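Worksheet for the structure shown next.
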Amino acid sequence: MIDSLNKALSAALHSLYDIQINPDDIRLDITRKEFEGDFTFVVFPYLRQSKKGPEHTAQELGEAVVSAVEQLEKYNVVKGFLNLSFKSSVWVDWLTSANITSIRTAHGSPRKIMVEYSSPNTNKPLHLGHVRNNVLGFSICQILQQYGHEVIKVNLINDRGIHICKSMLSYHLFGDGETPESSGLKGDHFVGKYYVLFDVKNREQAAKLVEQGMDPEEAKNNTPLMEQTREWLRKWEEQDSEIRSLWSTMNGWVYDGFHSTYDRMGVSFDKFYHESETYLLGKDLVMEGLSSGELYQKEDGSVWIDLTAEGLDQKILLRSDGTSVYMTQDIGTAQLKYDDYHMDQSVYVVGNEQDYHFQVLKATLKRLGKAYADGVFHMSYGMVELPEGKLKTREGKVVDADDLMDEMYATAKERTNEQGKTDGMEADELNTLYEQLGLGALKYFLLRVDPVKRILFNPAESIDFQGNTGTFIQYTHARCQSILRSISFDGSVTLPDHLEAEERALVAHFHQYDDKLAEAATNFSPAVMANYLYETAKLFNSFYNQHSILKAESENIKQLRILLTQRTAETLRVCGRLLGMEMPERM
RNA sequence: GGCCCGAUAGUUCAACGGAUAGAAUAGAAGUUUCCUAAACUUUAGAUCCAGGUUCGAUUCCUGGUCGGGCUACCA
């Protein structure tokens, strides 16, 4: 539809005003709903060459295009805006034949894309910030896949380091043989408890040192506990069997906990990397860079890269004692990932607090001569904050992921019971429903916001189930299904060639799906799909309230409306899946 | 200090440089003998400030204000 219009506009501009413009470069807007028309062509940019006023120019173009394109019905002009309307029959044909849900590859450049997301530390349970990461990461993978790319979902687990040793030591000293089983705690929460306990004990010890006159900052890092933690880290690195054994045990507990949380959130991975296996990587690459002269060494032996030419700073890559820093291992891991998959693009879903880190990583890889550096992309997103500020596990200022999902479930159950529409549903069906509604509301809440913006979460105000919410979208789907349960589309009936305003709006909206998917995929923005989903539900409800489906004026109108209902449900399911939201049959 | 990001109705969010800046929520007023009222309809309410570019700026540029982040031989 659009193609023929673009061609006609291009031809008309050429023949009327001698303007050369490629059909692909013609820009059409969706006509705003307060005006009549489907697509709008803005003529202002061409006035200089047409040498006529905006209305006159638009008039002439409209005349030419409508007579050239048989599918067009009419046009109207408002100032410099040429609004073009297709014949209703064209829309109906499109609706009948359109394959809304299929995977798109028509953009012509399918790529192999690795997306790293989640990447948790194994010393504490997941909180709301992680939930945003997981939901965003999973969603963008779904979107990229739907757009026709090949996607590899990876999780780089941060399973080693000083913070892991803290929870290990804390458990060793104060655990008294307790286990997740004996305490009835989920594994990750169990380990997290000891991580928090470490901090408590460490503060006590630090306070004593301060009493003895030590500087508070210094004291924190020089307690007996901290000394021992560092000792444990050394032993861990030396493969001390006792330490390693405790480490595997505790990580095992955490993994059990994480896996159940992941399952519940509905996220998954194709590949897990573990820092314990990658933390030594990268040194070789740094040494290569040193010999090729891209890096330099200070007198104390530390190795640096000077990125001032790229507008960044100088960055250390190897300490004077020859050990790695975080950046070193990220360089090594980037290489490992590339060797494993040879992907065209490597996406890191990581919070915006690490914007600088990823600029440096990319620039460094480039300097080291790695062509794949161009494919490195940091999908940065804003932090989730409480009214009092950032989430902080150690200070207990967190919204725990599991607790939050429980609360969402409970609220969903409560609201559903208030509605009283679920009579006759089995207990396990109801359980699934509450889960779908609770998680749906949560995911939509997190995804509808542009990723670059931070999200303020106020625990005092629970996540909504009314208005612009996941629930509204799910409700609309259930509404569609309730109709489609009683009747289905009969393809043998000839459809009408007239559309009511609300019907036309829905069809035109379905037509935007391709553009929206492309926008979401190229901008890495699930929020685009969330908004599209909301619009879909809104338009359907508006249509639904205005026109009866089952009691339509005639059989062919009825069939058209059933088809519209079917398409709506389909769109909600497909786009919902892109956000990781499930659509209930009844609610 | 330097660098990065954000700022839109009371609140939470939209708006490839285009028309009268859209929604939701909170407020006011309506809609159910009829397919799910977790819905629909009506109403009131906003672009941080000052310049600049443009036929046209919430959008792009410059400067400022406010908020957040980064700026470790931490991860």
Side-chain angles (χ1 to χ4, degrees), chain A residues 27 29 31-35 40 42-45 47-48 54 78-81 83 121 158 160-164 221 275 279 298 300-304 311-313 315-327 329-330 351-357 359 380 382-383 385 389-390 412 415-416 418-419 421-422 437 441 445 448-450 452-456 458 461 464-476 478-487 515 519 523 527-528 530-531 534-535 537-538 540-552 561-562 565 586-587:
Chain A
R27 221 197 84 192
D29 294 323
T31 303
R32 297 177 57 146
K33 63 171 182 272
E34 56 266 41
F35 300 97
T40 295
V42 183
V43 304
F44 290 114
L47 298 184
R48 190 165 304 163
V78 181
K79 292 186 271 183
F81 300 89
N83 301 317
N121 294 337
N158 190 328
R160 65 159 284 281
I162 196 86
H163 49 299
I164 309 293
N221 288 315
E275 254 193 53
Y279 80 106
K298 290 193 179 173
D300 63 6
S302 56
V303 179
W304 296 71
L312 303 166
D313 295 321
K315 188 79 191 171
I316 189 159
L317 296 179
L318 284 180
R319 298 191 182 98
S320 49
D321 64 4
T323 56
S324 301
V325 294
Y326 187 54
M327 189 62 71
Q329 78 177 261
D330 258 13
N352 62 12
E353 57 195 349
Q354 293 198 35
D355 284 355
Y356 182 72
H357 175 80
Q359 281 183 38
S380 171
M383 299 284 97
E385 289 176 25
K390 274 184 79 172
R415 296 291 159 81
T416 304
E418 284 167 14
Q419 298 285 331
K421 297 181 194 168
T422 49
L437 294 179
F445 172 80
R448 78 183 185 100
V449 182
D450 185 342
V452 305
K453 294 188 179 167
R454 66 193 176 126
I455 290 181
L456 258 146
N458 187 350
E461 308 162 8
D464 260 319
F465 282 73
Q466 256 162 22
N468 188 350
T469 63
T471 313
F472 171 67
I473 291 155
Q474 291 169 317
Y475 169 76
T476 308
R479 198 175 225 188
C480 289
Q481 292 306 94
S482 141
I483 294 161
L484 296 171
R485 261 195 300 278
S486 65
I487 193 159
D515 283 346
E519 189 185 338
N523 295 340
V528 170
N531 285 326
Y534 175 66
E535 272 304 305
K538 194 144 180 60
F540 179 81
N541 279 312
S542 194
F543 152 74
Y544 175 94
N545 265 276
Q546 196 67 27
H547 304 285
S548 178
I549 296 160
L550 299 181
K551 294 184 180 161
R561 291 181 183 166
I562 293 168
T565 307
R586 279 186 64 187
M587 64 186 272

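Keep in mind that this is a model prediction, so the values were computed, not measured. Below, chain A is the first sequence line, B the second, and so on; all start at residue 1.
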* Asked: For D29(A) and A15(B), what is the distance between atoms CG and P respectively, to the nearest whole Å?
  -> 15 Å

* Asked: To the nearest Å, how far apart are K453(A) NZ and C4(B) P?
  -> 19 Å

* Write down the distance between NZ (K538(A)) and C1' (A15(B)), rounded to a whole number of angstrom. => 16 Å

* **Euclidean distance, atom CZ of residue R586(A) to atom P of C35(B) [Å, nearest integer]** => 15 Å

* Report the distance from atom CD of Q329(A) to atom P of C74(B), rounded to the nearest whole Å. => 13 Å

* Counterpart base for A39(B), defined by Watson-Crick or G-U wobble contacts under 3.5 Å -> U31(B)

* To do: In whole angstrom, give the distance that lies between atom CZ of R454(A) and atom C1' of U11(B).
  => 14 Å

* **Whole-Å gap separating P (A39(B)) and CG (N468(A))** => 11 Å

* Which part of the nucleic acid, if any, lies within contact of N158(A), taking any heavy atom under 4.0 Å across all strands shown: a base, the sugar-phosphate backbone alone, or nothing? -> sugar-phosphate

* Asked: Rounded to the nearest Å, what distance is computed from the CG atom of residue N541(A) to the C1' atom of nucleotide U36(B)?
  -> 10 Å

* To do: Without swapping roles, check the side chain of D29(A) against the backbone of T31(A) for a donor-acceptor pair under 3.5 Å.
  => no

* Under 4.0 Å: is that the gap between some side-chain N or O of S542(A) and OP1 or OP2 of C40(B)? -> no

* Asked: With both distances under 3.5 Å as the test, what is the Watson-Crick or G-U wobble partner of C70(B)?
  -> G2(B)

* Does U25(B) have a Watson-Crick or wobble mate here (both distances under 3.5 Å), and if so which one? -> G10(B)

* To do: Could you check whether F44(A) gets within reach of a base, just the sugar-phosphate, or nothing at all, counting any heavy atom under 4.0 Å?
  => base

* To do: Sort out the partner of A50(B) for me: Watson-Crick or G-U wobble, both distances under 3.5 Å, none otherwise.
  => U62(B)

* Structure fact -> Across every strand shown, the nucleotide meeting Watson-Crick or G-U wobble geometry with A75(B) (both distances under 3.5 Å) is none

